[in-house]
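Please read the structure below before turning to the comments.
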Amino acid sequence: MGTLKRTKISDILSQPVIGEQVNIKGWVRTFRSNRFIAINDGSTINNLQAVVDFENFDEALLRRINTGACVSVIGKLVESQGKGQQVEVVVDELDVIGDADAEKYPLQPKKHSLEFLREKAHLRVRTSTFGAIYRIRHAMIFAVHKFFTEKGFYNVHTPIITGSDAEGAGEMFRVTTLDPTNPPKTEEGEVNYKEDFFGKETNLTVSGQLEVETAALALGEVYTFGPTFRAENSNTSRHLAEFWMIEPEMAFYNINDNMDLAEEFVKYLAKYALENCKEDLDFLNKRGIDEDKQKPQNERNELSLLERLEFVANNEFVRITYTEAIDILKNSKPNKKKKFQYLIEDWGADLQSEHERFLVEKHFKKPVILYNYPKNIKAFYMRANDDDKTVAAMDVLFPGIGEIIGGSQREERYDVLKARVDEMGIPEEDLWWYLELRKYGSAPHSGFGLGFERWMQFVTGMTNIRDVIPFPRTPDNAEF
RNA sequence: UCCCCUUUAGCUCAGUUGGUUAGAGCGGCUGACUGUUAAUCAGUAGGUCCUUGGUUCGAGUCCAAGAAGGGGAGCCA
């Protein structure tokens with residue numbers, strides 16, 4: 001093997017130097033006609049074709065060029081005589097770095113079902129679809145930090161292990177070092193968490209919001225971007241037990257400023273993807289169109305993936321209050337014809353998926369921000385409006401995904417928040433520090449949470465959230 | 001957690017009213033092929049029909065329970 005330094009395929013394809021001697025290393029996608037090796041190294045969705053003259057190579061070596069094998073080739077970059085690619089490498093040296101037994105390697109040069117690939121999560125990243133998803137995921141992570149950095153926000157790491165049970169966003173995973181078969185007991189016979197690692201009950205976080213509020217009331221504009229855990233027994237295409245959430249929190253923002261930021265943020269991400277992930281998005285766009293062709297007319301997307309991204313990047317979101325939404329829904333055809341499973345009758349009802357979908361997908365046909373919800377269906381920390389019936393909450397609803405962002409202006413008035421905490425029976429000893437923020441130099445502030453994987457669903461067009469995170473954690477599944 | 005659907009070769013699927021030896025395409029293997037693009041052509045191997053129990057002379061097919069996967073709902077991001 002020569003000593004030539006390895007070049008990434010993306011570099012070769014973006015600035016090809018015809019006649020140059022190159023070394024590429026990657027994984028074999030197919031070996032056609034005993035002559036053409038399609039190699040992918042993950043740097044781009046595109047393969048580089050290596051051309052071998054089989055008379056110059058040992059037959060035993062060529063037999064090891066199987067789909068999935070890792071190879072290194074050295075050769076001259078030339079213009080391709082074939083139609084499918086601009087350039088290719090005429091191979092002088094060929095090495096198999098890692099064999100892949102063709103009889104056992106599960107990925108074949110053909111379309112596999114997403115369900116099958118989920119069971120092969122350690123290998124699915126070697127497919128075009130998942131390679132594209134991983135690369136876009138990285139681009140979106142970067143764009144999140146870029147957006148907030150450009151706006152002067154500070155990233156804050158909030159704790160993953162939390163001692164507060166009051167976040168109120170769902171069931172939590174317990175964190176303990178106690179022996180589950182023989183835990184220490186109190187005199188009353190209950191598990192004695194005073195003897196646990198932290199000297200109290202602890203859980204994995206369900207939200208960094210409460211902690212990040214402390215930073216907002218000092219640094220001004222901050223955000224968290226971290227793992228989040230929900231022990232809900234949710235079995236849907238848009239829920240994970242472990243997911244990543246982006247939670248900006250801003251001092252001196254009211255609910256309108258908050259909605260402005262949320263809209264600007266997702267538009268920025270959509271634009272960033274369109275500008276920086278073109279090849280991967282083109283592939284997923286085509287994939288989506290092919291998928292749609294398999295579906296009945298009424299289940300097809302009206303817009304392609306790229307059109308949906310363009311649409312979000314370039315169109316104003318609709319903003320209506322909960323009350324206005326109820327009026328629209330009450331007078332809607334499906335409500336009058338009793339097509340909704342849950343009919344809208346009175347103000348105050350929580351909106352169901354079917355209602356959100358109607359507003360987003362049928363009535364407005366664009367992203368919708370609903371705000372000013374009834375206070376009794378929302379969390380304790382949301383700021384009470386003057387009408388005494390609603391709170392300054394807002395949800396951003398997206399077609400096909402539903403709620404992608406949930407946020408609110410926070411209650412900054414100590415007395416009002418204290419009364420609300422008491423009213424809802426939340427143990428104050430867990431929240432003393434959160435209440436103290438309102439005692440000392442309190443300020444109006446707002447924030448929201450964006451489910452990163454839900455956003456990834458929108459950007460990639462993947463309909464199951466388990467396909468936009470490398471190793472999904474869901475009820476009854478923590479493989480890998 | 002609830003409702004619905006699915007489970008047959010490595011993968012994607014077909015399998016008639018319950019009937020004798022369970023099929024196809026792709027993939028694998030063997031061979032051919034020096035401009036292929038999920039290469040192509042010829043040949044070939046490959047099955048706990050998800051599991052358990054039941055009905056029946058006879059079950060891939062019917063019934064019951066369970067498991068796994070998918071879709072929808074709730075909860076939410």
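Just so you know, these numbers use all the heavy atoms, side chains as well, and skip hydrogens, waters and symmetry mates. A note on names: the letters A, B, ... follow the listed sequences, proteins ahead of strands, and every chain is numbered from 1.
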Side-chain N,O (A/Arg32) to OP1/OP2 (B/A39) below 4.0 Å: yes
Presence of A/Arg63 side-chain N/O under 4.0 Å of B/G28 phosphate oxygens OP1/OP2: no
Sugar-phosphate, base or nothing in reach of A/Phe54, heavy atoms under 4.0 Å: base
Geometric cation-pi criterion, A/Lys267 with A/Phe317: 6.0 Å, 45°: yes
Nearest-angstrom distance, C1' atom, B/U17 to B/C11: 32 Å
Heavy-atom donor-acceptor pair, A/Ser80 side-chain to B/G35 base, under 3.5 Å: yes
C1' spacing across the pair B/A67 / B/U51, given as an integer number of angstrom: 7 Å
Sugar-phosphate only, base, or nothing, as touched by A/Thr228 at under 4.0 Å among non-hydrogen atoms: nothing
Touch class at under 4.0 angstrom, heavy-atom based, for A/Gln49 against every strand present: base
Expected output: side-chain A/Glu249 to main-chain A/Glu221 donor-acceptor under 3.5 Å: no
Sugar-phosphate, base or nothing in reach of A/Leu240, heavy atoms under 4.0 Å: base
Stems where RNA chain B pairs, listed by first number, each of three or more Watson-Crick or G-U pairs under 3.5 Å: B:1-7 with B:67-73, B:10-13 with B:23-26, B:28-32 with B:40-44, B:50-54 with B:62-66
Distance, C1' atom - from B/A45 to B/U30, rounded to whole angstrom: 10 Å
C1' atoms of B/C50 and B/A39, separation to the nearest Å: 36 Å
Euclidean distance, atom CD1 of residue A/Ile465 to atom C1' of B/G71 [Å, nearest integer]: 16 Å
Sugar-phosphate only, base, or nothing, as touched by A/Arg29 at under 4.0 Å among non-hydrogen atoms: nothing
Any A/Asn464 side-chain N or O less than 4.0 Å from OP1/OP2 of B/G71: yes
Residue A/Lys110, side-chain atoms from C-beta onward, closest of B/G70, B/A77, B/C11: B/C11
Short side-chain N/O contact to B/G72 OP1/OP2 from A/Arg238, under 4.0 Å: no
Sugar-phosphate, base or nothing in reach of A/Gly82, heavy atoms under 4.0 Å: base
Whole-Å P distance, B/G60 and B/U21: 11 Å
Presence of A/Asn233 side-chain N/O under 4.0 Å of B/U1 phosphate oxygens OP1/OP2: yes
base_contact_polar (B/C76 base, A/Ser234 side chain, donor-acceptor, <3.5 Å): no
B/A77 pyrimidine/purine six-ring stacking with A/Phe452, under 5.5 Å and 30°: no
Interatomic distance where CD belongs to A/Glu291 and P belongs to B/G70 [whole Å]: 15 Å
Touch class at under 4.0 angstrom, heavy-atom based, for A/Glu247 against every strand present: nothing
Side-chain N,O (A/Ser237) to OP1/OP2 (B/G72) below 4.0 Å: yes
Per A/Gln352 side chain, nearest of listed nucleotides B/A77, B/C75, B/C29: B/C75
C1' atoms of B/C49 and B/C29, separation to the nearest Å: 25 Å
Whichever of A/Arg454 and A/Asn56 has its nearest RNA chain B nucleotide further upstream toward 5': A/Asn56
Nucleotide nearest A/Pro109 when distance is taken to its side chain, options B/A39, B/G70, B/U12: B/A39
A/Gln209 side chain to A/Tyr381 side chain, donor-acceptor N/O pair below 3.5 angstrom: yes
Sugar-phosphate only, base, or nothing, as touched by A/Glu119 at under 4.0 Å among non-hydrogen atoms: nothing
Of the listed nucleotides B/G35, B/G70, B/G74, the one nearest the side chain of A/Gln85: B/G35
Side chain A/Asn235 and base B/U1 donor-acceptor under 3.5 Å: yes
Any pair counted as salt bridge (Lys or Arg N to Asp or Glu O under 4.0 Å), so long as it reaches residues 457-479 of chain A, sequence neighbours left out: A/Arg118-A/Asp467, A/Arg124-A/Asp467
Closest to the A/Gln108 side chain, choosing from B/G35, B/G27, B/A77: B/G27
Aromatic ring pairing A/Phe358/A/His363, orientation class (parallel under 30°, perpendicular over 60°, tilted between): tilted
Residue whose nearest RNA chain B nucleotide is more 5′ - A/Asp350 or A/Gly84: A/Gly84
Spatial distance of atom CZ (A/Arg29) from atom CZ (A/Arg126) [nearest 0.5 Å]: 9.5 Å
Candidates A/Phe225, A/Tyr268, A/Phe265 - the one meeting ring pair (Phe, Tyr, Trp, His ring centres under 6.0 Å) with A/Phe148: A/Phe265
Heavy atoms of other groups near A/His145 NE2, more than 12 under 6.0 Å: yes
B/A68 to B/A42 separation - P atoms, rounded to the nearest Å: 44 Å
Identify each donor-acceptor pair in which a side-chain atom of residues 237-244 of chain A lies under 3.5 Å from a protein atom, sequence neighbours left out, and give them as a table.
| unit_1 | atom_1 | unit_2 | atom_2 | d |
| --- | --- | --- | --- | --- |
| A/His239 | ND1 | A/Thr236 | OG1 | 2.6 |
| A/His239 | NE2 | A/Arg454 | NH2 | 3.4 |

Sugar-phosphate only, base, or nothing, as touched by A/His112 at under 4.0 Å among non-hydrogen atoms: sugar-phosphate
Polar side-chain contact A/Glu103-B/G28 base: donor and acceptor under 3.5 Å: no
Span that lies between the P atom of B/C13 and that of B/U7, in whole angstrom: 9 Å
Heavy-atom donor-acceptor pair, A/Thr460 side chain to A/Met462 backbone, under 3.5 Å: yes
B/U37 OP1/OP2 closer than 4.0 Å to side-chain N/O of A/Thr30: no
Under 4.0 angstrom between A/Ser33 side-chain N/O and B/G35 OP1 or OP2: no
Donor + acceptor pair across side chains of A/Gln21, A/Asp92 (<3.5 Å): yes
Touch class at under 4.0 angstrom, heavy-atom based, for A/Phe36 against every strand present: base
Sugar-phosphate, base or nothing in reach of A/Lys104, heavy atoms under 4.0 Å: nothing
Touch class at under 4.0 angstrom, heavy-atom based, for A/Thr67 against every strand present: nothing
